[in-house]
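Everything below concerns the one structure shown next.
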Amino acid sequence: MLRITQNLGQTDKPAQDTLTLTFELRQKGRLRAVSDGGVELGLFLERGKVLMNGDRLVSECGRVFEVRVGVEPVITAHAPDWPGFARACYHLGNRHVTLEIGERWLRFAPDHVLEHLAEHLGLRLERESAPFNPESGAYHGLGGHHHDH
């Protein structure tokens, strides 16, 4: 098993293999996985950092793997207009739901309570299998979340 110990992030460094992971797995710093080329891997990366599509991971022996976003079950909710979209973002965001945001559409993991709320807000739901790339959060890259008043 190759040990992956470094994430180079978004770089043009050529990869010898790819690693396709769902959002749930891309959140883990410690993980056993198999590359798309069949190589057994152990990830030993910084915790709390989500792997992004295109990130380059490096094994202890120098082999480079490119992260790919896997297809998984999701709900894509389409808003009929911009006020409806804004209302849905507000209410789902107020529940601290992990969302991917597009052009008048939202994507989230299947959850019957959230699906009911989205339908109640006038969104048209599409149950599908698709890549899930949620927003990283308002405080991502700003040195953390502080409550200074």
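Remark: Arg63 engages Asp17 in a salt bridge (charged side-chain N to carboxylate O under 4.0 Å, His left out) (not counting sequence neighbours). For Arg47, the salt bridge (charged side-chain N to carboxylate O under 4.0 Å, His left out) criterion is met by no residue, not counting sequence neighbours. With sequence neighbours excluded, the residues satisfying salt bridge (charged side-chain N to carboxylate O under 4.0 Å, His left out) with Arg3 are Glu60.
Annotation for Pro110 and Pro73: closest pair CD-O, 3.3 Å, computed over non-hydrogen atoms. Smallest separation of non-hydrogen atoms from Thr20 and Gly70: CG2-CA, 3.4 Å.
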Just do the side chain to side chain contact (heavy atoms under 4.5 Å, CB included) check on Glu46 and Asn7 with the steps written out, would you? CA-CA 8 Å; Glu46 179 183 347; Asn7 180 356; over 6 Å; no

Evaluate the criterion side chain to side chain contact (heavy atoms under 4.5 Å, CB included) for residue pair Leu114 and Ile75; output intermediate values, then yes/no. CA-CA 10 Å; Leu114 298 177; Ile75 304 298; over 6 Å; no

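By the 4.5 Å side-chain criterion applied to Ile, Leu, Val, Met, Phe, Trp and Tyr, Leu45 is assigned to a cluster that also includes Leu2, Ile4, Leu19, Leu21, Leu25, Leu31, Val39, Leu41, Leu43, Leu51, Leu57, Phe65, Val67. Members clustered with Val34: none, using a 4.5 Å side-chain heavy-atom cutoff among hydrophobic residues. In this structure, Val113 shares a hydrophobic cluster with no other residue, the cluster being traced through Ile, Leu, Val, Met, Phe, Trp and Tyr side chains under 4.5 angstrom apart. Applying the under-4.5 Å side-chain rule to Ile, Leu, Val, Met, Phe, Trp and Tyr, the cluster around Val58 extends to Leu8, Val64.
Counting only residues at least two apart or on different chains, the salt bridge (Lys or Arg N to Asp or Glu O under 4.0 Å) pairs with a member in residues 98-113 are Glu100-Arg107, Arg107-Glu128. Here ring pair (Phe, Tyr, Trp, His ring centres under 6.0 Å) pairs that include residues 90-132, with residues two or more places apart or in two chains, are Phe23-Phe132. Annotation: ring pair (Phe, Tyr, Trp, His ring centres under 6.0 Å) contacts involving residues 41-64, sequence neighbours excluded, are absent. A salt bridge (Lys or Arg N to Asp or Glu O under 4.0 Å) check over residues 20-39, counting only residues at least two apart or in different chains, returns the pairs Arg32-Glu40.
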In a table with atom names and distances, give each donor-acceptor pair under 3.5 Å that connects a side chain of residues 77-88 to protein atoms at least two apart or in another chain.
| from | atom 1 | to | atom 2 | distance (Å) |
| --- | --- | --- | --- | --- |
| His78 | NE2 | Glu126 | OE1 | 2.9 |
| Asp81 | OD1 | Gly84 | N | 2.7 |

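Hydrophobic clustering (side-chain heavy atoms under 4.5 Å, transitive across Ile, Leu, Val, Met, Phe, Trp, Tyr) groups Leu125 together with Leu99. Following chains of ILVMFWY side-chain contacts shorter than 4.5 Å, one can reach Leu121 starting from Ile101, so the two form part of one hydrophobic cluster.
Side-chain contact between Pro131 and Val71: present, with at least one pair of heavy atoms (C-beta onward) separated by less than 4.5 Å. Contact of the Asp55 side chain with the Glu66 side chain is not registered, since no non-hydrogen atoms from C-beta on lie closer than 4.5 Å.
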